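Numbers restart at 1 for each chain; the letters A, B, ... are given by sequence-line order, proteins then strands. When reading the values below, keep in mind they use all heavy atoms of this one structure, side chains included, and skip hydrogens, waters and symmetry mates. If you're wondering where the values come from, they're calculated on a predicted model, not measured in any experiment.
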Amino acid sequence: MSGDASLPKGYDPVGVERRWYAHWEENGYFKAGSGSVVVGASPASYCIMIPPPNVTGTLHMGHAFQDTLMDALIRQRRMCGERALWQTGTDHAGIATQMVVERQLANEGSSRQQLGREAFLERVWQWKGQSGGSIVQQLRRLGASCDWSREAFTMDAQLSAAVQEVFVRLYEEGLIYRGTRLVNWDPVLHTAVSDLEVVSEEEEGSLWYLRYPLADGEESLIVATTRPETLLGDAAVAVHPDDERYRHLIGRQVLLPLTGRHIPVIADETVKPEFGSGCVKITPAHDFNDHEMGRRHNLPQINIFTVDATLNDAVPTAYRGLDRHVARQRVVADLEAQGLLVKVVAHRLMIPRGDRSKAVVEPYLTDQWFVRAAPLAAEAIRAVEDGRVNFVPDSWKKTYFEWMLNIQDWCISRQIWWGHRIPAWYGPDGRVFVCRDEAQARQQARSHYGEECPLIQDPDVLDTWFSSALWPFSTLGWPQQTPELTAFYPTDVLVTGFDIIFFWVARMIMMGLKFTGQVPFRTVYITGLVRDGEGHKMSKSKGNVLDPLDLIDGIDLESLVQKRTRDMMQPQLAQRIEAATRKEFPQGIPAFGTDALRFTMASLATQGRDIKFDLGRMEGYRNFCNKLWNAARFVLMNTEGRACGQGVQTPSRSVADRWILSRLQQTIRSVDGAFAKYRFDEAATTLYHFLWGDFCDWYLEWVKPVLYGHEGGEEAQVACRQTLLHVLETALRLLHPLMPFITEELWQKVAPLSRQGRCTASLMLAPWPHVEEGLLDPDAESRLHFVQEVVGAVRTMRSETGIPPGQKLALLVAGDVTLLDRLFRRHQALILPLARLDSWQVLEGEAPSGCATAVLPQVRLFIPLQGVIDLDAESARLGRELVRLEGELQRVRGKLANPGFLANAKADVVTKERHKEAEFQEKWQGTSDALQRIQSIRRLP
RNA sequence: GGGCGGGUAGCUCAGCCGGGAGAGCAUUGGCCUUACAAGCCGAGGGUCGCAGGUUCGAGCCCUGUCCCGCCCACCA
């Protein structure tokens, strides 16, 4: 050992991560403008808005994925010298948060109604105070370098003011209106929800065929329905005007069973004669289609439900107060008893459910506030059409257009308490005053009524997404024209999932354009969903959820099982989940560290598809961290306390030094390009292969003889140490956006030794590397490529012919003399140790018998090993190689014999093929010679 | 019903402007070689879903088709 290693033998992320994150945050490095300053230039601004997580939520894999990418972008641009702001914050998540607190109250035997509005809101704020910090703490564990000093919350005073301002202005322009409309009603949450918050899924149901007698005479008709209970609210029966079967009934009255009401038979083009019986019962107050038809035919809207979706007083007494499901059974039973149930057929249908409550949503007539969306959408469509906003991948803009072109008015009022109260006040006569605050409303009311009148504020709050839509400018201080708004708006990239393109992305574009005249962001990077290893969506009920923090810190099996089976909505699933978990993670999950998680996320971030989270890959990248750690350890062991050429401008670099520096430039170029096109996977694999392959496997091995003093002199050592430090230091900078912690830890030790020294207090603030054209060295690259081929060929020969690895060998080389001199003799110091050869010499005359043979372009290699070599193995190997080469030759020659190819292919392609032909031919010849020699030996007794 | 994405090695995925099929993991043979066994050095493994077409040449472009996934849509 060369002295004390200054680093432990393995990388242990735990302490490193906590220490550096605290250090960065305490020193204000996350604040916009903290990055390395480009002298003489006023820095460009760069801004990313975080999709604010739910304030009471917890971090999941989707966050880990997206936030890793955002942080990588921000860190990279910060290092590029830009004034980079990652605006962070949380969302009040109206319904979701209210539900959590209501559940708590239910457990205490209380309810929000018992508490009253004010006390309930106090309770929610209290809960927000308790749990609201956890997700931002978890975000910190990911290494997220957001500007915490600007952390925002959608219900902060300033953001709330923006919400009111937007509401009032839209109202004044007639883009917000109030009206009685059929909306999606969640009977469990007692609130309207928007179309987007309703998820329809196919479920098993029935189609009931019911007989409705005509009011006059003996005739009857049969309707088919999936919702027999709504019969009680029927206003008509509709048939197709051309339907011969029913034409004579049009205009006559039907006696609606169970109610005694008379309803008309009407004709409407939208009725499909082939479905069911061809007769449709029309319930204008409880079905969107029927509602439309009811408007066309002036039918009464008979609301039969209460807010709980129990039957109200509009139905016969027998059914009042019944739940809609009970009512269905009762209605069907009563009809059957009266002989009016014709048949019941199994029928699959789409059932709409609230995305939060999972309750079946009811179309329900209520007074609600709406945003007139179409006028806002028009400009938002143009912004994407003309490229002011780009989608990555581009194909998502189709999805965007599709929705925007068919956009419906947006129901923005919610009958819940947690959220932004609608700034509307009602006078005694119901007149509405929409104002920025109550005082203003009073003033207006006074001038209208001529005296002080009691005003009542609208009890509803706004859809959470209303405030989210303003996030890109409300967080920057709008409606004030703040310096931040000027500097950072429009923002640069939005990183988010496809699942909220409609909920959020589209609405931000509409609101941004409307209120700032500019797009909110120039690029939308759409990520896929993080799925489990089998490609299933992660969900609590499936028990396949991975917590990013468990991947970082590790978790033992028992805790994991407990975590996955705790608080199950369906406890019967717990057993299966437990078994599956024990099978998949028999040892629990080891601690991989944040950097490994981030690197995995980056390398899985291929565009345009969901990602299946592969734990094996994560393990590989954990190993990569360790590899990097040990490479740095090696470099430090061989540089600390020695001459490393700090002041030396033009060291006498070896070809290996020049080679790795050249490879480094290529890597910088490639990583730059990858970041520019959001190919995080490409950036990750490029760095992985440069560090593990070029740097560790080759360069470190090549320099060992120099460092150990076996090869070259003091000057060579200095140049080599300087190169080692420079390359590692630069690579750490390149890797930092993806792996912030380990790179900082190592950089702090490596950078001070490097030629330029540690230029900034933290790697976070260090300048992003740029390509030094002068260090590109094609000559060194091609020569060492040859060396790699020779070393590889010898290693293969050894391994395949069973030569003991410890056995030193003498190599015979045949080929052009000047070539051998140029490529072989001059680089023997790079070849012999890696190939574990102790000598080599140029072969004079015939190759000796009993040789392992390798054929490279223009060079043949022989290892004479009388008695040791496995002739059968070598012969088989050569045979395989010959077959391969013959195949290649055939293909290339076929091409070159084709006049069409020669006539049409580009000249350089033809030249390339000719080279290939020559090369294959030569290899074939050499291999064939070798095989013959072996076979001639085997024929000997 | 409309739209989108995907199908490449056992698994998870790259594959650029059409020009010699790649990586990681897994498998397998050999190594405790003084940074790293979370390591080192080798090897095997693919009818690029299928069928046509364009082209001198197709994993890549076109047409059709099958399978998987997702999104949107009011069929009672």
- In this structure, which one of Phe498(A), Tyr400(A), Trp396(A) forms a ring-ring contact (aromatic ring centres under 6.0 Å, His included) with Phe391(A)? Tyr400(A)
- note: Asp908(A), atom CG; rC17(B), atom P; distance rounded to Å ~ 17 Å
- Message: Do Lys627(A) and Tyr11(A) form a cation-pi contact, if we require the NZ or CZ to be under 6.0 Å from the six-membered ring centre and within 45 degrees of the ring's axis?
- Response: no
Presence of salt bridge, [Y] and [X], under 4.0 angstrom:
X         : Y         : value
Glu203(A) : Arg348(A) : no
Lys916(A) : Glu913(A) : yes
Arg893(A) : Glu888(A) : no
Asp532(A) : Lys612(A) : no

Mind checking [X] for me? I need base, sugar-phosphate or nothing, with any heavy atom below 4.0 Å counting as a touch.
X         : answer
Cys696(A) : base
Arg884(A) : nothing
Trp692(A) : sugar-phosphate

- Message: Using ring centroids (six-membered ring only for Trp), state whether Phe680(A) and Tyr525(A) fall under 6.0 Å.
- Response: yes
- Verify whether the ring centers belonging to Tyr688(A) and Tyr621(A) lie closer than 6.0 Å. yes
- Sticking with atom C1', work out how far rC40(B) lies from rC48(B), rounded to a whole angstrom. 33 Å
Given [options], which nucleotide is nearest the side-chain atoms of [X]?
X         : options                   : value
Asn626(A) : rG19(B), rG42(B), rA38(B) : rA38(B)
Lys895(A) : rG7(B), rC40(B), rG19(B)  : rG19(B)
Arg622(A) : rA38(B), rA43(B), rG19(B) : rA38(B)
Ser799(A) : rA38(B), rG42(B), rA35(B) : rG42(B)
Lys398(A) : rG3(B), rG6(B), rG15(B)   : rG3(B)
Arg609(A) : rA35(B), rG6(B), rC36(B)  : rG6(B)
Asn630(A) : rA35(B), rA14(B), rG42(B) : rA35(B)

- What string of B, S and - do you get for nucleotides 67-76 of chain B, 5' to 3', if B is base contact, S is sugar-phosphate-only contact and - is no contact with any protein heavy atom under 4.0 Å? -----SBBBB
Just the table, please: protein N/O against nucleotides 52-55 of chain B N/O, every pair under 3.5 Å.
none

- Provide the full list of salt bridge (charged side-chain N to carboxylate O under 4.0 Å, His left out) pairs with a residue in residues 898-912 of chain A, sequence neighbours left out, each pair given once. none
Polar-atom pairs under 3.5 Å, protein N or O versus N or O of nucleotides 21-23 of chain B: list them with distances, or write none.
from, atom 1, to, atom 2, distance (Å)
rA23(B), O2', His689(A), NE2, 3.4

- Query: Which side-chain hydrogen bond (donor to acceptor under 3.5 Å, both in side chains) pairs, counting each pair once, include a residue from residues 221-231 of chain A, with sequence neighbours left out?
  - Reply: Arg227(A)-Glu229(A), Arg227(A)-Glu362(A), Glu229(A)-Arg328(A), Thr230(A)-Lys281(A)
- Message: Just to verify, what does Glu881(A) make a salt bridge (charged side-chain N to carboxylate O under 4.0 Å, His left out) with, not counting sequence neighbours?
- Response: Arg884(A)
- Evaluate the side-chain contact (heavy atoms from CB on, under 4.5 Å) criterion for residues Leu832(A) and Asp838(A): first the C-alpha distance (whole Å), next the side-chain angles of each, then the deciding distance (0.1 Å), finally the verdict. CA-CA 6 Å; Leu832(A) 299 186; Asp838(A) 57 4; over 6 Å; no
